[in-house]
Each structure stands twice: as structure tokens, then as C-alpha cells.
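First up is the structure itself, then whatever we jot down about it.
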There are 2 protein chains.
Amino acid sequence: MKLDDAAAHLEALGNPTRLKIYRALIRAGGAGLAVGRLQEKLKIAPSTLSHHIKALVVVGLVTQVRDATTLICHANYEVMRELVGFLVAECCTESAETKNAKAAA
Amino acid sequence: MKLDDAAAHLEALGNPTRLKIYRALIRAGGAGLAVGRLQEKLKIAPSTLSHHIKALVVVGLVTQVRDATTLICHANYEVMRELVGFLVAECCTESAETKNAKAAA
DNA sequence: ACCATATTTCTGGAATTATCGAAATAACGT
DNA sequence: ACGTTATTTCGATAATTCCAGAAATATGGT
């Protein structure tokens, strides 16, 4: 994953409302959760919710499948795993530091 | 880590410039990197850089230590580890899903 | 075709963020 | 105290984000 993509994903998750949406979808598991269920659960205006969901869909963290009149949202585990992978590899553990120190030595 | 804190951390990292700053500090390792070195490396106006660094410091992702006239910035590994821990536990692996399913059963 | 439900798009305003140059501050050496 | 280097704060502007009400669209049932 490239840095700019990682930043886009982090920005999408970097809003309490969107992070709650995403967490709710994770907790919903494979069955996903309809937009309407999310709306009941999180108590935010439908238009606002729609915008936030869209922001998550655009970066690929969430996917949607239509079931008749309702849209089921699913968390995309793979994208999140890639993001965490980026953070761990480039921005988290001291392995980056160690590697750098070794390269300098 | 609470959700709002996690969101604040994610937002801080969710900007390409700030993510580059943070990554540079990780790569610098334990020695850290002076603000001036970051400025040379990233080629952004000192005032802009100062603002971005401050955003990272406020959420605890970066710490600063003064060395005479220069300020050395350090990445705070522990905070990043907490953030990744939150993501993995609550927002990443399907363990959250499984746990939820078990609780519901 | 019409109605009902679910969701999105449009619109607009308030608040926040990004950016930079210029001036101010901090800390040191002399 | 003065000058130098390093960094931040101030001030201003452009761009973006957040929020929600109203209208529009999508889908299915009758």
C-alpha cells in the first residue's frame, strides 16, 4: 500500500462517526448491516449517514450490496488488514528503526 | 483506547504530509529528527511544518525534546502500538465478528 | 400506474483545515 | 547585551469538511 492511499484510509476512519459506522459493520459480521439499521443504531440524519458511508465506500473500507430496497453494508476486512499492515511495517514497530540503524551501520 | 481517541489519532495520521512526517520520524529511529531536518527533507514551509508537527504532538504520536536551539522530534511507538491494538481488536480481524456472534449465541 | 419504503443527491451555511509569508520568540555563543 | 540560528505564532486566504432539511431516485408490492 502506498503512503497516499494509507493516508486516505486513515482520514476516512479519522472521524468518530465514521469510525463508529465501521466498527458497527465489523461487529455485524459477515451478514453486514443495512443503512437503515445503522441509522437507528447511530441516530444520525440519513443524509449525514449517507455521506459518511460514501466516504468509507470510496476508499474501499466498506462495500455495499443491494437487497431489494435496502442497501447492505459490509466492512472490507482485506482493506483494513492492508492498512494495518502498512502501519505496522512502516509506522509502528521499531523494526523500521532497527532496519534503518542497520543500514546506517 | 477509546473510540474518540482512536479517531483523533487516525485523523492526525490521515493527511499525507503528516503521515510522511511520522514515517520520517520512525525511520530516523531513536535518535529522532530535528524540525529543521524534517523541513529540508520534506520541502514544506516552516510554518506549515510546524502546524502539522503540532497536530501530531497534541495527540501524543510525536514528542519533542529541545537540544539547544533545535527541537528534536521523536515518534512515540507506544501510542502507535495502542492505536494499532485498537484497530486490530475492534475494527480489523474477524475476531470481533466471532466474539460478537458468540456473545449473541 | 401508483404507493410505500429506503437511500441518495442537492443545497447551503457554519466550522475547520491547509497553506504561506512575515513577525515574534527561544536558546545559545561571544 | 547582541547577533545568529531554529522554530513558532500571527494574520490572511482558499479550500475542505460537517451537518441536516428538502427534494429526488431506486426498488418492490399491489
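This is a predicted model, so every value here is computed, not measured. First the proteins, then the strands, lettered A, B, ... as listed; each starts at 1.
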Proximity to the side chain of [X] - top-ranked nucleotide from [options]:
X: B:His51; options: D:dC10, C:dT8, C:dC28; answer: D:dC10
X: B:Ala45; options: C:dC20, C:dT19, C:dC28; answer: C:dC20
X: A:Ala34; options: D:dT8, D:dC19, C:dT7; answer: C:dT7
X: A:Thr70; options: C:dT17, D:dC19, C:dA6; answer: C:dA6
X: B:Arg18; options: D:dA20, D:dG28, C:dA18; answer: C:dA18
X: A:Glu11; options: C:dC10, C:dG21, D:dT17; answer: D:dT17

How long is the line joining [atom1] of [X] and [atom2] of [N], in whole Å?
X: A:His52; N: D:dT17; atom1: NE2; atom2: P; answer: 12 Å
X: A:Glu40; N: C:dA6; atom1: CD; atom2: P; answer: 9 Å
X: A:Ile72; N: C:dA6; atom1: CD1; atom2: P; answer: 11 Å
X: A:Lys20; N: D:dC18; atom1: NZ; atom2: P; answer: 13 Å
X: A:Gln39; N: D:dG21; atom1: CD; atom2: C1'; answer: 13 Å
X: B:Asn15; N: C:dA18; atom1: CG; atom2: P; answer: 5 Å
X: A:Lys43; N: D:dA20; atom1: NZ; atom2: P; answer: 14 Å
X: B:Leu71; N: C:dT25; atom1: CG; atom2: P; answer: 17 Å

Practice task
Without swapping roles, check the side chain of A:Arg18 against the backbone of A:Ala12 for a donor-acceptor pair under 3.5 Å.
Solution key: yes
Practice task
For A:Ile44 and for A:Arg66, locate the closest nucleotide of DNA chain D by heavy-atom distance; then report the residue assigned to the nucleotide nearer the 5' terminus.
Solution key: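 First, find each residue's nearest nucleotide; the 5'-ward one identifies A:Ile44.
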Is there a side-chain contact between [X] and [Y], using heavy atoms and a 4.5 Å cut-off?
X: A:Leu87; Y: B:Leu87; result: yes
X: A:Glu90; Y: B:Arg27; result: yes
X: A:Phe86; Y: A:Asp5; result: no

Exercise for the section: Using side chain to side chain contact (heavy atoms under 4.5 Å, CB included) as the criterion, point out the one residue from B:Leu25, B:Leu42, B:Asn15 that pairs with B:Lys20. Expected result: B:Leu42
Practice task
Apply the side chain to side chain contact (heavy atoms under 4.5 Å, CB included) test between B:Leu56 and each candidate in B:Leu19, B:Ile21, B:Asn76; give the one that qualifies.
Solution key: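 For B:Leu56, the side chain to side chain contact (heavy atoms under 4.5 Å, CB included) test succeeds with only one of B:Leu19, B:Ile21, B:Asn76, which is B:Ile21.
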Phosphate oxygens OP1/OP2 of [N]: is one of them under 4.0 Å from a side-chain N or O of [X]?
X: B:Ser50; N: D:dT8; value: yes
X: B:Lys54; N: D:dT7; value: no
X: B:Gln64; N: D:dT7; value: no

Practice task
Give A:Thr48 one of three labels, base, sugar-phosphate or nothing, depending on what nucleic acid heavy atoms sit under 4.0 Å from its own.
Solution key: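 The residue A:Thr48 makes base contact.
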Exercise for the section: Pick base, sugar-phosphate or nothing for A:Arg37, based on heavy-atom distances below 4.0 Å to the nucleic acid. Expected result: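 Here A:Arg37 touches no strand at all.
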Exercise for the section: Classify the side chain of A:Ser47 and the base of D:dG21 as holding, or not holding, a donor-acceptor pair under 3.5 Å. Expected result: yes
